There are 2 protein chains.
Amino acid sequence: MFRQDAILDLAFQALADPSRRAMVDRLIQGPATVSDLAKPLAMSLPGVMQHLAVLEASGLVVSEKVGRVRTCRIEPKVLSQAEHWIAERRALWERRLDRLGQFLDETKDD
Amino acid sequence: MFRQDAILDLAFQALADPSRRAMVDRLIQGPATVSDLAKPLAMSLPGVMQHLAVLEASGLVVSEKVGRVRTCRIEPKVLSQAEHWIAERRALWERRLDRLGQFLDETKDD
DNA sequence: ACAATACTAAAGCATCTACTTAAGTATTAT
DNA sequence: ATAATACTTAAGTAGATGCTTTAGTATTGT
């Protein structure tokens, strides 16, 4: 559907804001309404709605409205993709350090 | 020194741009000069410098100038912190799913 | 019916971001 | 000494971001 690159743009951008990370933190505990998410944040409800829109656009969160209540929950797939991008690079970095250490060991008797 | 929150703001913000992720990707292979980093990017050198400034401000990259050449390298600590933030939430999410599944199992004979 | 609740839409505004071009400053090569 | 290299600084700009306030619209409780 979307390029991995575009997914990561949106995911990391969404996670770059402390209010949005707080919302994710809350949703990790389980589903919550928009008002639930807004309660701990020092911000107007429309402000929270806009953060929610960013989280939904990134695919990190999905929501559904029943009656007058919108319930939000985490969609962990994108979270995994972001984690995986970083983990992969850390692994490459460490492999490179290993090779470097090995090389230094092998050549230390010159 | 800095609040974890502020570190994550800067780290995720830095990773939210594809040019900057490309620079990180390059630096994972090993140190590189500013020109090295600029080469694959369709962008002016000052543009690259600005991305580099964002990466350095986040602590993801450090650089040192020798003569007229600035050499950049990855500083993996912040990368780990970003990875850890996500991993922790994924773990919590999965533990919650487990508990939920267990609860459903235990009550399925009502 | 009427009020209260839970969002939602629209518009405004001060930054911030991601570039650009133009004009530097050191360093190194010839 | 001169020229080429490798950044660096400054200024400008279009568009995005993170709020706000005001004014809605459904839905639910009394």
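These numbers were taken from a predicted model, which means no experiment stands behind them. Lettering follows sequence order; numbering is per chain, from 1. Quick note: numbers below take in every heavy atom, side chains included, and nothing from hydrogens, waters or symmetry partners.
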- Parallel, tilted or perpendicular, as decided by the 30° and 60° cut-offs, for the rings of Phe12(B) and Phe12(A): parallel
- Message: Quick check: on DNA chain D, is the nucleotide nearest Gly47(A) upstream (toward 5') of the one nearest Gln13(A), or the reverse? Name the residue that is more 5'.
- Response: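 The residue closer to the strand's 5' end, by nearest nucleotide, is Gln13(A).
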- So which one's nearest nucleotide on DNA chain D is more toward 5', Thr71(B) or Val66(A)? Thr71(B)
Could you state the [atom1]-[atom2] distance from [X] to [N], rounded to the nearest angstrom?
X	N	atom1	atom2	value
Asp36(B)	dT5(D)	CG	P	15 Å
Leu45(A)	dT22(D)	CG	P	16 Å
Arg20(A)	dT17(D)	CZ	P	8 Å
Arg70(A)	dA9(C)	CZ	P	9 Å
His51(B)	dC7(D)	NE2	C1'	17 Å
Glu64(A)	dC7(C)	CD	C1'	15 Å
Leu52(A)	dG18(D)	CG	P	14 Å
Met43(A)	dC7(C)	CE	P	16 Å

- Query: Can the positive tip of Arg96(B) be found less than 6.0 Å from the middle of the six-membered ring of Trp93(B), inside 45° of the ring normal?
  - Reply: yes
- Message: Using the side chain to side chain contact (heavy atoms under 4.5 Å, CB included) definition, which of the options Glu75(A), Met23(A), Gln50(A) pairs with Leu55(A)?
- Response: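 Of all the options given, the one that passes is Met23(A).
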If you check the [X] side chain, which of [options] turns out closest?
X	options	value
Asp17(B)	dT17(C), dA18(C), dA22(C)	dA18(C)
Met49(B)	dC7(D), dT22(D), dC19(C)	dC7(D)
Arg68(B)	dC19(C), dT5(D), dC7(C)	dT5(D)
Lys65(A)	dT8(C), dA22(C), dT17(C)	dT8(C)
Ser44(A)	dT20(C), dT21(D), dC7(D)	dT21(D)
Pro46(B)	dA6(D), dT9(D), dA6(C)	dT9(D)

- Query: Less than 3.5 Å between a donor and an acceptor, one on the side chain of Gln50(A) and one on the base of dT20(D), is that the case here?
  - Reply: yes
- Query: Quick one: do Arg70(B) and Glu64(B) make a salt bridge, cutoff under 4.0 Å?
  - Reply: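 Judged by the 4.0 Å cut-off on N to carboxylate O distance, Arg70(B) and Glu64(B) do not form a salt bridge.
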- Message: Does a side-chain N or O of Thr33(B) approach OP1 or OP2 of dC7(D) to a distance below 4.0 Å, or not?
- Response: yes
- Message: Counting the atoms with a prime plus P, OP1 and OP2 as sugar-phosphate, which does Gly67(A) contact under 4.0 Å by heavy atoms, base, sugar-phosphate, or nothing?
- Response: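 Gly67(A): backbone/sugar contact only, no base atoms under 4.0 Å.
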- Message: Side chains of Ser63(A) and Glu56(A) only: does a donor on one sit below 3.5 Å from an acceptor on the other?
- Response: yes
